[in-house]
Amino acid sequence: MTLLISIVGGYLFGSIPTAFLIVRRRTGIDIRKNGSGNVGAFNSYEITQSKKIGIIVGVLDGVKGFIVAFIAGQFLVGSFWNQSAALCGALIGHNYPVWLRFRGGRGLAPAAGGMFAIGISYIIVWCTTWAVAFVCVKNILKANIVAIILAPIILLIIPSAWIEAVMVRNISATDYRIFSFIMSCIHLLSHSRSLKEIIQHKYSVT
C-alpha cells in the first residue's frame, strides 16, 4: 500500500508542468506546439531564446524530483524502495502528465534532482559519459541516449565502494544499481521517438 502511495504521490507532484506554465505565463506560447514539443528546460530555452527561462525551468524540474525523493525517504516506511518508487512516479508524471494529455518532458532534470536525495554516483557517471559522447557526436539527443544506456552498465562495473562513497542514504550498491537500471529504462522510453528517428535516418542513408 505504501508503495502505491509513493508512486501515485510522486506521479501527481512530478506531473506539475513547470515548463508549460512558465513559458505560457512569460510569452503566451504553448510549448507543446513549438520547437520539439518537449515540455522541458531545453525546449523552453529554444522557444524563448532566454537562458534565464531555460535555467529556471531546469532548476524547478530538478527541485520537483528532489522534493519527492526526500519526502518519501524521510516519512514513508520502507525507506529506499518507497523513495525509489516515488521518484520513478515523479519521472513518469513529468514525462506523461495527465494535465497535458500525457505530453511532457524527458525526465532528466527531475531524475538528477531526485538522486541528490539518494546518491549521486548515477549523476556523476551520466554527466561524464554524456560529455564524452557529446564531444564525439556533437548532438545533444544522441549524447543523452548514449549516457542513458551506458550509465547503469558503468555502475555495474565500477567498485561498490565508489558508489557507496557518494551515497546520501544508507543503501547497498546492489540496490542502487538496480534502481539505476530502472531509471535508465524510463529515460530511454522518454527518448524513444528520438531513438527511432536516429535509427531510421541511419538506415535511410545507408
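Just so you know, residue 1 is the first one in the sequence shown, and it goes up from there.
Looking only at side-chain heavy atoms (C-beta outward), L87 and I118 come within less than 4.5 Å of each other. V23 has its side chain out of reach of D30: every pair of non-hydrogen atoms, C-beta onward, lies at least 4.5 Å apart. Looking at heavy atoms from C-beta onward, I22 lies out of side-chain contact with S44 at the 4.5 angstrom threshold. Taking the side chain as every heavy atom from C-beta outward, W81 and I178 approach each other to under 4.5 Å. In this structure, W130 and L108 have side chains that are not in contact, with every pair of non-hydrogen atoms separated by 4.5 Å or more.
A distance-only check finds no donor-acceptor pair linking the side chain of H94 to the backbone of A90 [under 3.5 Å]. Of the possible polar contacts, one joining the Q83 side chain to the A117 backbone as a donor-acceptor pair under 3.5 Å is found. No donor-acceptor pair closer than 3.5 Å links the side chain of E46 to the backbone N or O of G35. No donor-acceptor pair under 3.5 Å is formed between the side chain of K64 and the backbone N or O of P110.
Taking hydrophobic clusters as Ile, Leu, Val, Met, Phe, Trp and Tyr residues chained together by side-chain heavy-atom distances below 4.5 Å, L91 shares a cluster with L188. Linking Ile, Leu, Val, Met, Phe, Trp and Tyr whenever their side-chain heavy atoms come within less than 4.5 Å leaves M115 and F181 in two separate clusters. Hydrophobic clustering, with ILVMFWY side chains joined whenever heavy atoms are under 4.5 angstrom apart, keeps V135 apart from I140. Under a hydrophobic clustering in which Ile, Leu, Val, Met, Phe, Trp and Tyr are joined whenever their side-chain heavy atoms come within less than 4.5 Å, directly or via other members, I47 and L100 fall into the same cluster. No chain of hydrophobic side-chain contacts below 4.5 Å, direct or via other Ile, Leu, Val, Met, Phe, Trp or Tyr residues, connects V132 to V125.
Neither side chain, S160 nor Y176, offers a donor N or O lying under 3.5 Å from an acceptor on the other.
When all heavy atoms are compared, the tightest approach of I123 to A112 is CD1-O, 3.3 Å. Of all non-hydrogen atoms in I148 and S184, the two that sit nearest each other are O-OG, 2.9 Å. Scanning both residues, N38 and G104, for their nearest heavy atoms gives ND2-O, 3.6 Å. Of all heavy-atom pairs spanning S36 and R193, the tightest one is O-NH2, 3.1 Å. N43 and G37 get closest at one heavy-atom pair: ND2-N, 3.4 Å. Summarising the geometry of V39 relative to F20, their closest heavy-atom pair is CG1-N, 3.7 Å, with the distance given to 0.1 Å.
Using a 30° and 60° split on the angle between ring planes, F42 and Y45 fall in the tilted class, from 30° to 60°. Relative orientation of the F179 and F80 rings is perpendicular, given thresholds of 30° and 60° on the angle between their planes.
One distance of note links OG of S180 with CG of D175; it measures 10.5 Å at 0.5 Å rounding. For the atom pair CD1 (I29) and CG (N34), the distance works out to 5.5 Å, reported to the nearest 0.5 Å.
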request  = Could you walk me through whether I182 and S84 pass the side chain to side chain contact (heavy atoms under 4.5 Å, CB included) test, one step at a time?
outcome  = CA-CA 10 Å; I182 294 170; S84 302; over 6 Å; no
task = Would you check, one step at a time, whether the test side chain to side chain contact (heavy atoms under 4.5 Å, CB included) holds for I120 with W126?
result = CA-CA 10 Å; I120 63 171; W126 194 96; over 6 Å; no
request  = Using the side chain to side chain contact (heavy atoms under 4.5 Å, CB included) rule, take I31 and R24 through it: C-alpha gap first, then chi angles, then the decisive distance, then the call.
outcome  = CA-CA 7 Å; I31 192 173; R24 190 68 173 265; over 6 Å; no
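Sorted by first and then second residue, the pairs that involve residues 97-113 and meet side-chain hydrogen bond (donor to acceptor under 3.5 Å, both in side chains), not counting sequence neighbours, are S15-W99.
Atom OH of Y11 is surrounded by more than 12 heavy atoms from other residues, nucleotides or ligands within 6.0 Å. Counted within 6.0 Å of CZ on R26, heavy atoms from surrounding residues, nucleotides or ligands total 12 or fewer; the atom is thus considered open.
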